[in-house]
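Here is the structure we will look at.
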Amino acid sequence: MAEQKPSTWQEKITGEWHGRPSIFDAVGNHVGYNKVFRESSFEGERVTYTMDTRLDAVGPLRARFEADKFAFGVDDQGNNRVYMGPDFIGAGHPFGSLVDAHYYSPGWTSDLRTMVHVLPDGETQVYSSLLYDGPTINGVFNGIYKVAYDYHSNPDTQARIDAFTAQEMMDGKKPHVLPMKHAGRWTGEMQVFNAEQEMVGSNQVEIVYKPLTLLRSEMTVTISGITDRSYTFQRARNGIRHTFEGPDVLGNGIAYGRALYTSQHFFGEALKIRGREFIIDDQYTMSVVWDWLAGDKRQYMTFGVVNWEETGLVLGANY
């Protein structure tokens, strides 16, 4: 039998990852945090995923999500990471430095859709989980993780990670609100994978943004590379609910903290984007994941980091 080696995804997530993801109820209220350190380790021919959690939440979700010392086996030898239980049953689907997972937690009695994007620095993960009862969301976890290799033995590493997770407690409450008075653009490169989880290239993306009122704006998205397309839409925000109102794209979204989950439909085509757009810092840098579906079948999974550049004040003081 040939020697088994860790998968590409397993190599990307080597180390112990530390975070303090925020917890939201189904209607978007921030109800607490879950301090986590987790590790996926490859030893011999086995992959074991361990996760230690310290829940700090209020309301009915506290009792539901109270659990710690997760440990479950992972079959990591195919295109998918199959979770063998007992804590999680299901699978994760790697696309390079992104995993899109769908699985069940018997302890939380919840179906989960989890997305993890490892940023280009290799040290940061942007994480989110949507938890369901059937088709209905019962709660949401999301946040940012940092990797460490000697947290439990190195005081300097411990201080760095503890400062990071303390900052996450402040940042995790922030809503997904784009600049209200200034125009600008986001630019970046997004990797492109096909439905077979094969990388086929990359797209250059520019998102030109202009506020029209304090709660409404216009966006023009231009994509070049594997996909060549430009489209424009107006968007509006009412609290955590976002709408996309054409002319080229229509749909809606809901934000849980910094993460906006979108459904966007292209007018006149059997084409849509199922997205997650996560603001990761005070400069409006975003981790963007766009899952393109043509005829309701995955066409491309695309993801990357886009950076904000302000171009001017458009809603100044009135006199």
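The basis for the numbers below is simple: all heavy atoms, side chains too, and nothing from hydrogens, waters or symmetry mates. Being a predicted model, the structure only gives us computed values, none of them experimental. Quick note: residue numbers are just sequence positions, from 1.
- Within the 4.5 Å cutoff, side-chain heavy atoms of Val140 are placed close to those of Tyr261.
- Rounding to the nearest 0.5 angstrom, the gap separating the CG atom in Asn203 from the OG1 atom in Thr302 is 6.5 Å.
- Note that OG1 of Thr227 and CD1 of Ile223 are 6.0 Å apart. Values are rounded to the nearest 0.5 Å.
- Taking a cutoff of 4.0 Å between a charged side-chain nitrogen and a carboxylate oxygen, Asp100 and Arg113 qualify as a salt bridge.
- Contact between Ser230 and Thr222 at its shortest, heavy atoms only, is OG-OG1, 3.3 Å.
- Surrounding NZ of Lys210 are at most 12 heavy atoms belonging to other residues, nucleotides or ligands under 6.0 Å away.
- Judged by distance alone, the side chains of Thr165 and Lys35 never bring a donor and an acceptor atom under 3.5 Å apart.
- Nearest heavy-atom pair across Leu131 and Ser110 is CD2-CB, 3.9 Å.
- Between Trp290 and Phe303, the distance separating the two ring centers is not shorter than 6.0 angstrom.
- Between Lys174 and Asp282 there is a salt bridge, with a side-chain nitrogen of the basic residue lying less than 4.0 Å from a carboxylate oxygen of the acidic one.
- For the pair Val288 and Trp186, the minimum side-chain heavy-atom distance is 4.5 Å or more.
- In terms of heavy-atom proximity, Pro94 sits nearest to Asn80 at CD-CA, 4.3 Å.
- Using a 4.0 Å cut-off between charged nitrogen and carboxylate oxygen, Arg64 and Asp133 count as a salt-bridge pair.
- Across every non-hydrogen atom of Met180 and Pro211, the tightest pair is O-CB, 3.4 Å.
- Side-chain contact between Tyr256 and Ile137 is present, with heavy atoms from C-beta onward closer than 4.5 Å.
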For residues 214-221, tabulate all N or O donor-acceptor pairs below 3.5 Å that involve a side-chain atom, not counting sequence neighbours.
unit_1, atom_1, unit_2, atom_2, d
Arg216, NH1, Glu245, OE1, 2.4
Arg216, NH2, Glu245, OE1, 3.3
Thr220, OG1, Thr232, OG1, 2.9

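- Residues Ser128 and Met115 are in side-chain contact: their nearest non-hydrogen atoms beyond the backbone lie under 4.5 Å apart.
- In this structure, a donor-acceptor pair under 3.5 Å is present between the side chains of Thr285 and Asp281.
- When the ring pair (Phe, Tyr, Trp, His ring centres under 6.0 Å) test is applied to Tyr127, the partners found at least two apart in sequence or on another chain are Tyr145.
- The CZ atom of Arg276 sits 12.0 Å away from atom CE of Met286, with the distance rounded to the nearest 0.5 Å.
- Judged by distance alone, the side chains of Asp171 and Gln167 do bring a donor and an acceptor atom under 3.5 Å apart.
- Arg274 is not listed as a side-chain neighbour of Gln264, based on a closest heavy-atom distance of 4.5 Å or more.
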Test log, rule ring-ring contact (aromatic ring centres under 6.0 Å, His included), inputs Phe70 and Trp108: CA-CA 12 Å; Phe70 293 78; Trp108 291 337; 5.3 Å; yes

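- Lys173 NZ: 12 or fewer foreign heavy atoms inside a 6.0 Å radius.
- By the 6.0 Å and 45° rule, Arg229 stacks over the aromatic ring of Phe266.
- Atom CG of Asp121 has more than 12 neighbouring heavy atoms from other residues, nucleotides or ligands inside a 6.0 Å radius.
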Decide yes or no on side-chain contact (heavy atoms from CB on, under 4.5 Å) for Glu189 and Ser202, but give the supporting numbers first. CA-CA 7 Å; Glu189 182 175 87; Ser202 62; 3.6 Å; yes

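- What you find for Val126 and Ile280 is that their closest heavy atoms are CG2-CG2, 3.9 Å.
- Separation of atoms OG1 (Thr157) and CZ (Arg160) is listed at 5.5 Å; rounding is to 0.5 Å.
- Ile144 and Val147 sit in two unconnected hydrophobic clusters of ILVMFWY residues. Membership requires side-chain heavy atoms under 4.5 Å apart, directly or through other members.
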Working note: Val249 + Tyr231, criterion side-chain contact (heavy atoms from CB on, under 4.5 Å); need CA distance, chi angles, decisive distance, verdict. CA-CA 7 Å; Val249 167; Tyr231 52 95; 3.5 Å; yes

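- Under a 4.0 Å N-O distance rule, the pair Lys272/Asp296 qualifies as a salt bridge.
- Taking the charged nitrogens against the carboxylate oxygens, Arg298 and Glu196 have no contact shorter than 4.0 Å, which rules out a salt bridge.
- Applying ring pair (Phe, Tyr, Trp, His ring centres under 6.0 Å) to Tyr103 and the options Phe72, Tyr132, Tyr83 leaves one that passes, Tyr83.
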Does Gln125 form a side-chain contact (heavy atoms from CB on, under 4.5 Å) with His117? I'd like the steps, not just the answer. CA-CA 5 Å; Gln125 292 180 356; His117 177 199; over 6 Å; no

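- Summarising the geometry of Ser153 relative to Pro155, their closest heavy-atom pair is O-CD, 3.6 Å, with the distance given to 0.1 Å.
- Taking the six-membered ring for Trp and the full ring otherwise, Tyr33 and His30 have centroids separated by under 6.0 Å.
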Run the numbers on Leu178 and Tyr209 for side-chain contact (heavy atoms from CB on, under 4.5 Å), then give the verdict. CA-CA 9 Å; Leu178 301 183; Tyr209 171 84; 3.6 Å; yes

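- Centroid-to-centroid, the aromatic rings of Phe65 and Phe141 come within less than 6.0 Å.
- Side-chain polar atoms of His152 and Glu16 form a donor-acceptor pair below 3.5 angstrom.
- Distance check, rounded to the nearest 0.5 Å: OG1 of Thr213 to CG of Leu315 gives 7.5 Å.
- The local environment of CZ in Arg62 is crowded, with over 12 non-hydrogen atoms from other residues, nucleotides or ligands closer than 6.0 Å.
- The shortest distance between side-chain heavy atoms of Val36 and Met51 falls below 4.5 Å.
- Classified by interplanar angle (parallel below 30°, tilted 30° to 60°, perpendicular above 60°), the ring pair His18/Tyr151 is tilted.
- Side chains of Thr243 and Asn252: no donor on one and acceptor on the other come within 3.5 Å.
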